[in-house]
Number of protein chains: 2
Amino acid sequence: MPRVVDHARRRAEIAEALWRVVRRDGITATSVRGVAAEAGTSPSALRHYFTTQDELLGFALRTLIERVASRLAPELPGLEGRDGALRILGEVLPMDEERRAEVEVYLAFVARSTTDPALRAVRDDVDEATRAAVAYALQLLERAGELGAGRSAAAEADRTYPLVDGLAVHGTLWPERYPPAHLRRVLEHHLDELSTALSS
Amino acid sequence: MPRVVDHARRRAEIAEALWRVVRRDGITATSVRGVAAEAGTSPSALRHYFTTQDELLGFALRTLIERVASRLAPELPGLEGRDGALRILGEVLPMDEERRAEVEVYLAFVARSTTDPALRAVRDDVDEATRAAVAYALQLLERAGELGAGRSAAAEADRTYPLVDGLAVHGTLWPERYPPAHLRRVLEHHLDELSTALSS
DNA sequence: CTCTTTTTCGCACAGTCGTACTACCAAAGG
DNA sequence: CCTTTGGTAGTACGACTGTGCGAAAAAGAG
């Protein structure tokens with residue numbers, strides 16, 4: 001066997017290089033040559049790991065999603081009550097620079113995914129997974145009795161999901177106007193509200 | 001005087017052609033040649049109205065925003081109470097195909113605006129204007145006594161704005177999963193909530 | 001008619017894109 | 001040592017990009 005290289009690790013490194021290029025130049029100006037330069041290699045070497053650009057883009061997006069998911073998944077079984085719900089909902093929010101970068105890259109991919117079927121499929125999965133995560137957070141509240149009388153976990157999830165997504169977008173696009181403290185305050189205010197009884 | 005052409009109208013037509021191209025091919029694949037073909041002219045003729053591509057993109061985005069704003073502005077003074085608030089908040093939501101198209105194009109521009117200073121400025125203005133519109137809607141509720149006791153119009157605006165924006169994004173990206181009826185139901189549920197007293 | 005001016009068209013230039021192809025290089029097995 | 005093979009680099013090709021330039025067309029003024 002010749003020169004051994006960790007294939008999976010190399011692909012992941014290239015994906016991370018792509019994220020940096022997308023953040024710096026935008027997804028429109030993200031080229032195979034640019035990513036190769038950022039990763040410190042040549043376009044030809046890059047093509048050894050990804051035969052086509054679409055494959056590279058798809059892998060980079062899927063890796064990004066998996067990174068977020070794998071950060072939340074392991075501790076998910078141990079979560080309970082309001083703190084657990086906050087932990088879940090807060091994971092999507094850009095509370096630090098790392099997560100802000102992730103959302104920023106993701107937003108660029110979302111725009112592209114409207115006209116790219118492969119990316120579109122990933123986008124649909126992300127929506128499904130996020131919605132499920134929010135629904136689970138609401139169930140944690142309900143189970144802990146932190147959901148006010150007369151409230152439906154499903155109905156409140158329908159409202160909480162777009163709220164959290166909207167907060168994530170705002171916090172990512174305008175971090176000065178909507179800093180982490182603001183996001184947290186709005187989210188906590190919302191959870192406070194959910195704990196009160198719903199008077200018809 | 002030679003062949004007279006309504007300059008402003010022609011520019012608007014070209015902008016609309018650009019919107020169609022962005023929806024069809026994505027903003028990444030939106031080229032001067034493509035827009036010219038969609039508008040039924042040549043790239044050279046197009047260049048007579050927009051000397052550079054950045055100028056074309058900026059004008060198209062600004063025109064899109066003005067279109068939404070001019071639809072809401074005239075009837076804004078006459079709006080009152082819950083119906084008025086619903087009217088304002090509903091304007092941003094993709095309740096019909098036309099508005100869904102607008103939001104879709106806008107989302108494409110948002111992605112681009114992260115790396116384009118001129119578009120970025122417009123994006124910042126849109127955030128400011130939308131936030132002000134939501135705040136105004138909340139004031140309408142407050143003035144009509146439809147804001148529950150103990151509630152602050154400002155604090156509820158902080159929560160309502162990302163909610164509406166999130167609903168708009170969801171309804172645009174996944175119109176089958178989040179159809180107009182769903183958006184309206186979630187929004188009304190939220191307004192119902194705002195009319196109740198806030199128990200500390 | 002001619003002249004003038006706005007609009008349009010065709011062509012060309014330099015640059016970048018994705019990707020195919022070929023040669024080279026390094027390291028492990030014999 | 002040599003051979004084999006995964007990885008890398010260079011180069012090239014055709015297509016497409018934004019944009020500049022010069023000529024043609026078209027219509028009102030004289």
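- Side-chain contact between A/Thr172 and A/Tyr106: absent, with no pair of heavy atoms (C-beta onward) separated by less than 4.5 Å.
- Using a 4.0 Å cut-off on heavy atoms, the residues of residues 49-60 of chain B that approach DNA chain D are B/Thr52, B/Gln53, listed by number.
- Side chains of A/Thr115 and B/Arg23: a donor-acceptor N/O pair is absent below 3.5 angstrom, by distance only.
- Sorted by first and then second residue, the pairs that involve residues 71-80 of chain B and meet salt bridge (Lys or Arg N to Asp or Glu O under 4.0 Å), not counting sequence neighbours, are B/Arg71-B/Glu91, B/Arg71-B/Glu98, B/Arg71-B/Glu102, B/Glu75-B/Arg87.
- Taking the six-membered ring where the residue is Trp, B/His48 and B/His7 present perpendicular rings, their angle passing 60° and hence far from 30°.
- Under the ring-ring contact (aromatic ring centres under 6.0 Å, His included) criterion, B/His182 pairs with B/Tyr178, sequence neighbours left out.
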Q) Taking it one step at a time, do A/Asp124 and A/Arg120 satisfy salt bridge (Lys or Arg N to Asp or Glu O under 4.0 Å)? A) CA-CA 6 Å; A/Asp124 294 347; A/Arg120 168 75 194 245; 3.3 Å; yes
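- With D/dG20, C/dC9, C/dT19 as the candidates, the nucleotide lying closest to the side chain of B/Arg47 is D/dG20.
- For the atom pair CZ of B/Arg82 and CG of B/Leu194, the computed distance is 9.0 Å after rounding to the nearest 0.5 Å.
- For D/dT17, one of the phosphate oxygens OP1 or OP2 lies less than 4.0 angstrom from a side-chain nitrogen or oxygen of B/Ser31.
- Within the structure, salt bridge (Lys or Arg N to Asp or Glu O under 4.0 Å) pairs that include any residue of residues 36-55 of chain A comprise A/Arg11-A/Glu55, A/Arg20-A/Glu38, A/Arg24-A/Glu38 (at least two apart or interchain).
- If you check residues 8-19 of chain A against DNA chain D, the residues with a heavy atom closer than 4.0 Å are A/Arg10, listed by number.
- With a 6.0 Å cutoff to the six-membered ring centre and a 45° limit on the axis angle, B/Arg67 does not count as a cation-pi contact of B/Trp19.
- For the pair A/Thr160 and A/His190, the minimum side-chain heavy-atom distance is below 4.5 Å.
- Put simply, CG on B/Asp6 is 17 Å from C1' on D/dA27, counting in whole angstrom units.
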Enumerate all atom pairs, one protein N or O and one N or O from nucleotides 11-15 of chain C, separated by less than 3.5 Å.
none

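- When rounded to the nearest whole Å, the span between NE2 of B/His48 and C1' of D/dG20 equals 14 Å.
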